[in-house]
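Position 1 is the first residue of the sequence; numbering continues from there.
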Amino acid sequence: MAGWDLRYISEARLKNDQEPEEEEVLEAFAQDLPCPPRQQPPFAWKVASEFEREFEISGSEFDVVTKLGDFKDPHWVVPVGGTLRLLKGGIYRWSLRLEHICAHRPQMQIGVHGANHRRPWRLLTTTRCSRAKDEDPWQEKPGGDRMLVEGDYIHVEVDLRGLHLPFGTMAVAINGEPSEVIFDDIALTTGSSLMPVVCMGGHMSRVRLMPAS
């Protein structure tokens, strides 16, 4: 339709023996171009009822989560989950940006929980990039610890297709670095869903869910 509109504009002006001004034609063309669809995050954050006082969800897409106050136990973090349900047979990807890290309680944990925050748990910690499943001890990152900083992006992929293993996998990439499979033992036989989670303990810790690429 934009081409037809421009043709009529040009013809009308030429009939009046008026030379069309290039800037006006370009402006009309720009106004007729459709706007590209706005990218949206793949899910929204949703706080469980028992943790409602612990978090604030903000952003037009409910894509920003902020920890309100320090959690009462200094050795614990509390989870907030996403609305996305991860099911057997699917592959799921999302990206997070660490917008603010609490200086005195910097640890956050990123990964997946079972429904209602029940097991299975598969988590990566931001302070060391160590990883843990369920209630097992934390395992060190191969090659040594790494602390993530404000502004870092964490790209998560959970593959529940079971194409090459009898289990699902979880892989993580930091910023533009190559992806690393950190779990290859997510059971696919339980029939229950998983959900994305972020766990925080320090006041004003903040994470933003990024639009799907």
Compare all side-chain heavy atoms of Arg206 with those of Val64 and state whether any distance is below 4.5 angstrom.
-> yes
Kindly work out whether a path of hydrophobic side-chain contacts (I/L/V/M/F/W/Y, heavy atoms less than 4.5 Å apart) joins Phe43 to Tyr153.
-> no
Can you find a pair of side-chain heavy atoms, one from Ile182 and one from Arg122, that are under 4.5 Å apart?
-> no
CD of Gln109 to CZ of Arg131: how many Å apart, nearest 0.5 Å?
-> 13.0 Å
Heavy atoms of Val80 and Trp45 approach each other most closely as O-CZ3, 4.0 Å
Flag, side chain of Trp138 to backbone of Ala132, donor-acceptor distance under 3.5 Å = no
Consider only side-chain heavy atoms of I, L, V, M, F, W and Y, link residues closer than 4.5 Å, and tell whether Val156 and Met195 are in one cluster.
-> no
Arg119/Glu135 under side-chain contact (heavy atoms from CB on, under 4.5 Å): CA gap, chis, key distance, verdict = CA-CA 9 Å; Arg119 289 184 289 274; Glu135 295 178 347; 3.0 Å; yes
Within the distance-only criterion (no hydrogens, no angle test), does the side chain of Glu99 pair as donor or acceptor with the backbone N or O of Arg208 below 3.5 angstrom?
-> no
Heavy-atom pair with the smallest gap, counting every atom of Val77 and Gly201 | CG1-N, 3.7 Å
Output, in order, the C-alpha distance, side-chain angles, deciding distance and verdict of side-chain contact (heavy atoms from CB on, under 4.5 Å) for Met200 and Phe55.
-> CA-CA 9 Å; Met200 305 174 179; Phe55 297 102; 4.0 Å; yes
Closest non-hydrogen atom pair between His113 and Pro79, with its separation | CE1-CB, 3.8 Å
Look at the side chain of Lys46 and the backbone N and O of Ala48, then say whether any donor-acceptor pair between them is shorter than 3.5 Å.
-> no
Measuring from Asp185:CG to Met170:CE, what's the distance to the nearest 0.5 Å?
-> 11.0 Å
Phe51 with Val112, same ILVMFWY side-chain cluster at under 4.5 Å | yes
Met147 and Arg128: side-chain contact (heavy atoms from CB on, under 4.5 Å), yes or no, with the steps?
-> CA-CA 5 Å; Met147 176 177 284; Arg128 297 174 53 204; over 6 Å; no
Between SG of Cys102 and CE of Met108, what distance do you get to the nearest 0.5 Å?
-> 9.0 Å
What do you reckon, is CD of Glu180 surrounded by more than 12 foreign heavy atoms closer than 6.0 Å?
-> yes
Might you point out which heavy atoms bring Cys199 and Leu123 nearest each other, and give the distance in Å?
-> SG-CD2, 4.5 Å
Quick one: are Asp152 and Arg97 in side-chain contact, heavy atoms under 4.5 Å?
-> no
Nearest heavy-atom approach of Thr125 to Ser130 is CG2-OG, 2.8 Å
Closest heavy-atom contact between Ser179 and Ala173?
-> CA-CB, 3.8 Å
Sub-4.5 Å side-chain heavy-atom contact between His155 and Met210 = no
Would you find a donor on one side and an acceptor on the other, under 3.5 Å apart, between the side chain of Tyr92 and the backbone of Leu84?
-> no
Heavy-atom donor-acceptor pair, Arg105 side chain to Phe71 backbone, under 3.5 Å | yes
Does the side chain of Val172 come within less than 4.5 Å of Ile154's, by heavy atoms?
-> yes
Answer whether the closest heavy-atom distance between the side chains of Thr169 and Phe183 falls below 4.5 Å.
-> no
Non-hydrogen side-chain atoms of Leu194 and Ile186 separated by less than 4.5 Å | yes
Taking the side chain from Asp134 and the backbone from Asp136, do they hold a donor-acceptor pair closer than 3.5 Å?
-> no
Consider only side-chain heavy atoms of I, L, V, M, F, W and Y, link residues closer than 4.5 Å, and tell whether Phe167 and Leu160 are in one cluster.
-> no
Applying side-chain contact (heavy atoms from CB on, under 4.5 Å) between Leu86 and each of Ser193, Ser192, Pro196, report the one that passes.
-> Pro196
Can you check whether Gly82's main-chain N or O pairs, donor with acceptor, with Arg85's side chain at less than 3.5 Å?
-> yes
Would you say Trp121's side chain and His117's backbone share a donor-acceptor pair under 3.5 angstrom?
-> yes
Between Glu56 and Lys67, is there a salt bridge with N-O shorter than 4.0 Å?
-> no
Taking the side chain as C-beta and beyond, is there a heavy-atom pair between Leu96 and Val198 under 4.5 Å?
-> yes
Measure the spacing between CG of Leu124 and SG of Cys129 and express it to the nearest 0.5 Å.
-> 5.0 Å
Any donor-acceptor pair under 3.5 Å from Asp159 side chain to Arg161 backbone | yes
Should Trp76 and Leu68 be regarded as members of a common hydrophobic cluster, given that ILVMFWY residues are connected when their side-chain heavy atoms come within less than 4.5 Å of each other, either directly or indirectly?
-> no
Distance-only polar pair, side chains of Asp70 and His104, donor-acceptor under 3.5 Å | yes
